[in-house]
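Hydrogens, waters and symmetry mates play no part in the numbers below; they use all other heavy atoms, side chains included. Labels below follow one simple rule: chain letters A, B, ... track the order of the sequence lines, proteins then strands, and each chain is numbered from 1.
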Amino acid sequence: MRIVTWNINSLRLRLPLLRQVVALLNPDVLCLQETKVPDALFPRDACEALGFPHIAHHGMKGYNGVALLSKLPLEDVRTPERCRRTDCRHLAARVAGIDVHCLYIPAGGDIPDPELNDKFAHKLDFLADLTGWLTADADPSRPMVLAGDFNIAPLETDVWSHRQLLSVVSHTPVEVEALAGMQAAAGFVDAVRHFVPPTERLYTWWSYRSPDFAANDRGRRLDHIWVTPELKPNLQGALVARECRGWTQPSDHVPVMVDVAL
DNA sequence: ATGGTTGATGGTCAA
């Protein structure tokens, strides 16, 4: 089963690029974040026409929004609530016996201090809430995949400059520690780093505020696919589709892909 | 230290 996660940054604007991503990667399950479309306006017909008869979405007006497009049936679709809010950041379904979670963790604003910045406080609260939920929900008899925009780059090689980003939201020690705690909740395996050694730089996001993303390559690895330990022997490959960042009118994130043997 | 861009929106806010 080929799983792809992509922060599409507006599903309706980038339907033509979604078609290109599907042609390039041929996913069985596609996890989308920042769909920015209310459920009533979700372009279901267009997504079905791309070859995904099984669709779930959880969206709102203007911001956030997550969706699952699948070639395989989606069972037990859930929209777990985080931090007592319904802000459309978590969608889960069982696919081929695997619980697939599509996640959009809050970006956290600019100031890395929860006392001064409500958005950063929300990010830390969201991580703590999700960690507690995963700890309680984890079940060794039920394999799980977490995929999405985690908005955290954990490794030194996940950012263009570890030193210069230590106080930049997405790479601060408090976030990296919180993410490590979340990973420990069920012993999740970072499926992409399973194939790409931590000595190798790897990014999935480049700011729009640079005229040429490839020129200085100031990226960050914010998008992740994790699997529970029992799936580790089933991992068959991984890919970050960097080329998509160079397409016309791109998302600032590129798709991340993992193959899991069923 | 600062500014730079994009998307949804129709004010600005979020990233």
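Remark: Asp125(A) engages no residue in a salt bridge (charged side-chain N to carboxylate O under 4.0 Å, His left out) (not counting sequence neighbours). Here Glu230(A) pairs with Thr228(A) under the side chain to side chain donor-acceptor pair (under 3.5 Å) rule; sequence neighbours left out. Residues passing the side chain to side chain donor-acceptor pair (under 3.5 Å) test with Arg220(A) are Ser170(A), sequence neighbours excluded. Legend: residues meeting side chain to side chain donor-acceptor pair (under 3.5 Å) with Thr35(A), ordered by chain and number and at least two apart, are absent.
When the C1' atom is used for both dT9(B) and dC13(B), the distance is 9 Å, rounded to whole Å. Spacing of C1' atoms, dG4(B) relative to dA15(B), comes out at 13 Å, to the nearest Å. Straight-line distance between the P atoms of dT6(B) and dT2(B): roughly 23 Å, to the nearest whole Å. Look at the P atom in both dG3(B) and dG7(B): the space between them is 22 Å, to the nearest Å.
Separating the CZ atom of Phe213(A) from the P atom of dT6(B) is a distance of 14 Å, rounded to the nearest angstrom. Taking atom CZ of Arg12(A) as the reference point, atom C1' of dT9(B) lies 11 Å away to the nearest angstrom. Atoms CD (Gln249(A)) and P (dT5(B)) sit 16 Å apart, rounded to a whole Å. In this structure, Arg218(A) places its CZ atom 15 Å from P of dT5(B), rounding to the nearest Å. Summarising the geometry, the separation between CG on Leu11(A) and C1' on dG7(B) is reported as 13 Å, rounded to the nearest angstrom. With rounding to whole Å, Gln164(A) atom CD is found 16 Å from dT2(B) atom P.
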Mind listing the N/O atom pairs, protein and nucleotides 13-15 of chain B, below 3.5 Å?
{"unit_1": "dA15(B)", "atom_1": "N6", "unit_2": "Arg209(A)", "atom_2": "NH2", "d": "2.4"}
{"unit_1": "dA15(B)", "atom_1": "N1", "unit_2": "Arg209(A)", "atom_2": "NH2", "d": "3.1"}

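Defined by atom type and a distance below 3.5 Å, a donor-acceptor pair is present between the side-chain atoms of Trp206(A) and Asp217(A).
A salt bridge (Lys or Arg N to Asp or Glu O under 4.0 Å) check over residues 175-189 of chain A, counting only residues at least two apart or in different chains, returns the pairs Lys123(A)-Glu175(A).
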